[in-house]
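Below is one structure; the comments refer to it alone.
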Amino acid sequence: MRIGGLARFRLRAAVSAGALVAPVVALVAVQLIGLSGGDGPAALQMVTAACLAFPVLAWAVRQVLDAEPDDQALLSALAVGGSVRGTTSGLLAAAGLAVPAALACVWASLLRVDEQGVSAADLLAGSGVAVAAAAAATAVGAVAARAVAGTGAMPVVVLVAAPVLVAVLGLADAPGVGLLVPRLAEAVRAAYDGRLAEAAPAVIGQVLLWSCAVLALRLALRRP
Amino acid sequence: MPAAPGGAPREHRSPLCVRALQQDVGVELSGVAVRYGRRSPWVLQDVTLSLPSGALVEVTGRNGAGKSSLLRVLAGVLRPAAGRVSGRPRVVGWAPERFPPAQRALAGDYLLAMARARGLGDRAALAVGREAERLGLGDLLGVPLAELSKGSAQKIGLAQALLAPPGLLVLDEPWSGLDAGARDAVPDIVKEITYQGGAVAVADHQQQVAALAPDLRWHAEDRRAVAADVAARAPASEAVGPRSTVEVDVPAGQVDDVLRLLRGRGLSPRTR
């Protein structure tokens, strides 16, 4: 309850500070460009939208987390009872932005589906992939935030390297790849092959587990 | 026995508080060391101090001696690189030396959010109103934090530390930048917290805290922070200030404890 209230305040503060204007513009632009190729199967449209949203949402997450000055983050953490709870409130604020934004992108992509429309199973799977992409974006954004990556070039490196690695390693079959990157690209391949509904649970599970592991490591750092 | 040295002894300290000073170890710092990076120089090393509940400690030392770092460790907003801190109360108020106002949120909304974050729920608005009245924040509540002057931001920083009654209040240069009304409120705040059994730590270059007759003094110097003789900074005020005699009625079994406590603060108690 206390953490949720602080999360809402932090998200409102980031919005009112204008920290999200650039990521939102970028998100709309990426979606318009990425889905401008014409009508396609609904499943493919949805997971493409989710994957395109992932790096921009990671940037937006970082913006939310970094909107609060360091000492104010310390004060917030003190108010809610410690650095872990303070960090959790920031991550909740970020996820509160990323999840609805990812779902909006995925559902908006359905405006361009082909004449076959969308099945309930694909809609559910596509929405699940959107939530998973938002979780992965929250994890990457948390690592790129000032408290972890500092203020130099490292945040940019993290934000650029993450989607590149997701694209390059995401389709590799080598053992252990699932530990390194969220396999969002696997959802695109499954959608292209027309088997998103069957593949989605495994993909979503892997992405959520990867995200939770990264976020747990972030919390273990105990830096507000 | 003589009164505490200094012009304004905290005459209203409760018997409960005196008992707390004797029995409650409060916050303990054991072997604490601080540095801001693995290759950075040590700011503090091997600091072992204790702050009993209900006590007021003045933290002294020159600029850069590590006072703010020590206060941050005490408040729990800075993890020591070595050592440990125990006995920190659940509710800690910390007013940093410079409250960071770089946010668009209205000051009133910020305080309300902090009050709710402290779990005050429906009482949050009441707590904000109380501190607004005490520190003269009325006109500031509708102003964005980013537009506050330094002194006004300091008031907000002080107010957020007081929204929930703290078991430990840590004030880093609390008088800096405050207007006369708010400056006058600080001693009352310190008295209120210690009277309620909370501990207060104050770093203050302007030496106004000396007038509050602190129970303890911690001095930071050369990467060390040690408990210094609190009476050592008293002579000036002692020489010019009025003196009075206070009689204390204590159970026979506690006489030695009370005498030891008072002698530890540079006083000269007598029994009869």
Side-chain angles (χ1 to χ4, degrees), chain A residues 1-22 63-93 96 145-152 154 218-224, chain B residues 36-37 68 71-80 88-122 124 127 144-146 153-154 156-164 166-170 172:
Chain A
M1 183 72 174
R2 294 162 58 182
I3 293 177
L6 183 59
R8 283 192 296 277
F9 172 75
R10 293 176 83 161
L11 185 54
R12 277 202 309 272
V15 170
S16 64
L20 296 176
V21 172
Q63 293 289 93
V64 171
L65 296 176
D66 284 356
E68 198 171 40
D70 289 346
D71 271 1
Q72 245 172 38
L74 292 174
L75 290 169
S76 298
L78 203 58
V80 288
S83 62
V84 171
R85 292 168 68 90
T87 305
T88 302
S89 78
L91 295 174
L92 278 177
R146 191 170 60 235
V148 178
T151 54
M154 190 53 74
R218 164 66 188 91
L219 287 173
L221 287 176
R222 301 182 67 177
R223 295 182 199 162
Chain B
Y36 294 92
S68 291
L71 291 179
R72 282 171 180 251
V73 169
L74 186 66
V77 296
L78 175 64
R79 261 199 312 164
R88 191 184 286 118
R90 193 177 61 81
V91 180
V92 177
W94 170 55
E97 184 176 3
R98 278 185 290 273
F99 178 76
Q103 273 201 3
R104 293 297 308 165
L106 301 179
D109 289 347
Y110 170 76
L111 289 176
L112 209 51
M114 288 300 106
R116 287 178 178 147
R118 287 193 177 274
L120 294 182
D122 295 340
L145 290 176
Q154 286 300 96
I156 301 296
L158 189 55
Q160 62 77 29
L162 301 167
L163 291 168
L168 169 63
L169 178 63
V170 179
D172 198 348

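In what follows, every chain begins at residue 1, and chains take the letters A, B, ... in the order their sequences are listed.
- Neither the backbone nor the side chain of Leu163(B) comes within contact range of chain A; no heavy atoms are under 4.5 Å apart.
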Cross-interface N/O pairs, chain A with chain B, donor-acceptor, under 3.5 angstrom:
unit_1: Arg2(A); atom_1: NE; unit_2: Ala117(B); atom_2: O; d: 2.7
unit_1: Arg2(A); atom_1: NH2; unit_2: Ala117(B); atom_2: O; d: 3.2
unit_1: Asp71(A); atom_1: OD1; unit_2: Arg72(B); atom_2: NH1; d: 3.3
unit_1: Asp71(A); atom_1: OD1; unit_2: Arg72(B); atom_2: NH2; d: 3.2
unit_1: Asp71(A); atom_1: OD2; unit_2: Arg72(B); atom_2: NH2; d: 3.0
unit_1: Gln72(A); atom_1: OE1; unit_2: Gln103(B); atom_2: NE2; d: 3.1
unit_1: Gln72(A); atom_1: NE2; unit_2: Pro100(B); atom_2: O; d: 2.5
unit_1: Leu221(A); atom_1: O; unit_2: Arg79(B); atom_2: NH2; d: 3.1

message: Evaluate Val91(B) against Leu168(B) for side-chain contact (heavy atoms from CB on, under 4.5 Å), listing each step before the verdict.
response: CA-CA 7 Å; Val91(B) 180; Leu168(B) 169 63; over 6 Å; no
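- Pairing each heavy atom of Val64(A) with each of Ala93(A), the nearest pair is CG1-CB, 4.1 Å.
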task: For the pair Leu74(A) and Leu78(B), evaluate side-chain contact (heavy atoms from CB on, under 4.5 Å) and give the outcome as yes or no after the intermediate values.
output: CA-CA 9 Å; Leu74(A) 292 174; Leu78(B) 175 64; over 6 Å; no
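- For chain A, the nearby parts of Pro100(B) are the backbone and the side chain; heavy atoms of each come within less than 4.5 Å.
- Closest of all the heavy-atom pairs between Gly96(A) and Leu11(A) is C-CD2, 4.3 Å.
- Contact of Ala13(A) with chain B is made through the side chain alone, with heavy-atom distances under 4.5 Å.
- By the 4.5 Å heavy-atom criterion applied to side chains, Leu162(B) and Leu169(B) are counted as neighbours.
- Looking at heavy atoms from C-beta onward, Leu75(A) lies in side-chain contact with Pro96(B) at the 4.5 angstrom threshold.
- Contact of the Leu158(B) side chain with the Phe99(B) side chain is not registered, since no non-hydrogen atoms from C-beta on lie closer than 4.5 Å.
- In this structure Ala159(B) satisfies the side-chain contact (heavy atoms from CB on, under 4.5 Å) test together with Leu111(B), Glu131(B), Leu135(B), Leu137(B), sequence neighbours excluded.
- At a 4.5 Å heavy-atom cutoff, the contact between Ala67(A) and chain B is made by backbone atoms alone.
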